[in-house]
Number of protein chains: 2
Amino acid sequence: MANLSDIIEDFIKKMFDDMPEGILEIQRNEMANYFQCAPSQINYVLTTRFTLERGYFVESRRGGGGYIRIKKLKIREGEFLKEIIEYIGESISGSEAKAIIERLWEEEVITEREMRILCAAINKYNLPLSPADQDMVRARIMKAVITALMDHEARKGGN
Amino acid sequence: MANLSDIIEDFIKKMFDDMPEGILEIQRNEMANYFQCAPSQINYVLTTRFTLERGYFVESRRGGGGYIRIKKLKIREGEFLKEIIEYIGESISGSEAKAIIERLWEEEVITEREMRILCAAINKYNLPLSPADQDMVRARIMKAVITALMDHEARKGGN
DNA sequence: AGTTTTTGACCTTCTTTGACCTTTAATTAT
DNA sequence: ATAATTAAAGGTCAAAGAAGGTCAAAAACT
């Protein structure tokens with residue numbers, strides 16, 4: 001984990017621990033200065049790690065007194081899994097799939113054990129197919145599993 | 001006598017001696033440089049020697065700060081799950097796979113939820129491939145998942 | 001002959017940097 | 001007071017850099 005983007009990502013995520021509201025404001029230049037990097041690297045981290053699919057919403061304002069505000073989204077039980085299924089679509093890369101699985105765990109939709117099961121099932125070394133087929137099969141597996149989870153929840157809840 | 005691939009294999013395996021967690025990270029180019037070989041030879045060694053069947057799990061990431069992570073799976077000898085993996089082999093039909101999953105549930109190796117997750121993952125309707133490929137991919141997924149479960153249990157159970 | 005290993009050319013993904021741009025607030029000049 | 005200017009943010013985009021991946025042909029074993 002030697003790259004700066006990951007370090008910045010972790011740093012920001014830790015800042016959320018002190019923010020019970022789940023809303024955080026940062027100054028781009030201050031942060032860039034702290035990490036001794038180009039300011040645009042902060043944007044890079046935000047656009048690759050703090051996306052909607054990963055459960056964050058980013059707003060900002062320029063000019064004097066400007067800021068970047070990052071909100072950690074609270075999931076809406078009923079629609080959360082449905083949205084993820086839509087996001088997955090027909091094909092998904094290994095790294096995106098992994099991000100989704102991690103998010104499901106963070107949101108406590110799946111257990112750690114289940115996370116491991118899923119990661120194993122979609123790992124490219126375990127899917128001996130052409131890259132394009134891998135992405136397609138991965139999307140199918142992900143959607144099937146999430147659908148199964150939804151069904152399970154529904155049955156439990158409705159009895 | 002020993003060819004380069006064997007030497008690299010041994011070298012990597014020795015590196016595990018210093019890693020009590022059984023998780024190792026290497027740099028492909030660094031390693032290729034050390035052994036004065038083509039970088040792709042490292043991939044060759046990984047795909048032929050560090051497979052699930054041999055008890056390893058490989059993940060990687062490209063780009064700056066990229067890496068190849070090799071996990072030596074912790075598996076207790078003589079475990080029931082190991083027999084199942086052998087039984088699965090290279091290819092398995094949907095009905096056989098389903099029977100195995102149900103058996104795992106009956107033996108309380110997996111929860112009901114996990115059973116549903118697995119059944120969804122290996123269902124033929126979710127694997128848009130030729131029948132032969134389906135059976136092969138299904139076997140891979142089953143083995144990967146069972147291996148992940150064994151590793152998870154072994155790590156949890158205080159090594 | 002058949003299988004395994006080795007090599008190399010070419011590809012994809014992810015990160016970092018920098019030059020240039022836009023928006024907003026604060027200050028200054030009229 | 002208002003308009004013009006300056007300062008203070010943040011934004012964009014493309015190029016360069018830093019990994020790792022793939023595939024098939026050639027070479028070396030058995």
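Predicted, not measured: the structure shown is a model, and the values here were computed from it. Below, chains carry the letters A, B, ... as their sequence lines are ordered, and counting in each starts from 1.
- Residue A/Gly66 is classed as a sugar-phosphate contact, given heavy-atom separations below 4.0 Å to backbone atoms only.
- One finds no salt bridge joining B/Lys82 and B/Glu86 here, because no Lys/Arg side-chain nitrogen approaches an Asp/Glu carboxylate oxygen to under 4.0 Å.
- Two residues, A/Ser130 and B/Glu30, neighbour DNA chain D, and the one matched to the more 5' nucleotide by heavy-atom proximity is B/Glu30.
- For the pair A/Lys72 and A/Tyr56, the cation-pi test (distance below 6.0 Å, angle within 45°) is passed.
- Atom CZ of A/Arg62 and atom C1' of C/dT23 are 5 Å apart (whole Å).
- For A/Glu90, the CD atom is loosely surrounded, since the number of other residues' heavy atoms within 6.0 Å does not exceed 12.
- Here the P atom of nucleotide C/dT24 and the CD atom of A/Glu59 are 13 Å apart, to the nearest Å.
- Geometric assessment of B/Lys71 against the ring of B/Phe50 yields a negative cation-pi assignment under the 6.0 Å and 45° thresholds.
- In this structure, the ring of A/Phe11 has its center no less than 6.0 angstrom from the ring center of A/Phe16.
- The base of D/dG20 lies outside donor-acceptor range of the side chain of B/Arg61, with no N or O pair under 3.5 Å.
- Looking at heavy-atom distances under 4.0 Å, B/Ile26 makes contact with sugar-phosphate atoms alone, never a base.
- A straight line from CD of B/Glu9 to C1' of C/dT6 spans 16 Å, rounded to a whole angstrom.
- Rounding to whole angstrom units, CG of residue A/Asn3 and C1' of D/dG17 are separated by 13 Å.
- Looking at residues 32-47 of chain B, you'll see B/Cys37, B/Ala38, B/Ser40, B/Gln41, B/Tyr44 sit with a heavy atom under 4.0 Å from some atom of DNA chain C.
- Atom pair B/Leu4:CG and C/dG8:P shows a separation of 13 Å (rounding to whole Å applied).
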Which side-chain N or O atoms in residues 30-41 of chain A pair as donor and acceptor under 3.5 Å with protein atoms at least two apart or in another chain?
{"from": "A/Gln36", "atom 1": "NE2", "to": "A/Asn33", "atom 2": "O", "distance (Å)": "3.1"}
{"from": "A/Gln41", "atom 1": "NE2", "to": "A/Ser5", "atom 2": "OG", "distance (Å)": "3.1"}

Pair A/Glu79, A/Arg76 - check salt bridge (Lys or Arg N to Asp or Glu O under 4.0 Å), show working. CA-CA 6 Å; A/Glu79 282 145 71; A/Arg76 305 192 303 278; 3.1 Å; yes
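- Applying the 4.0 Å criterion to OP1 and OP2 of D/dA19, one finds that B/Asn29 has every side-chain N and O outside that range.
- The CE atom of B/Met31 sits 17 Å away from the C1' atom of D/dG21 (whole-angstrom rounding).
- Distances shorter than 4.0 Å separate some side-chain N or O of A/Arg49 from OP1 or OP2 on C/dT15.
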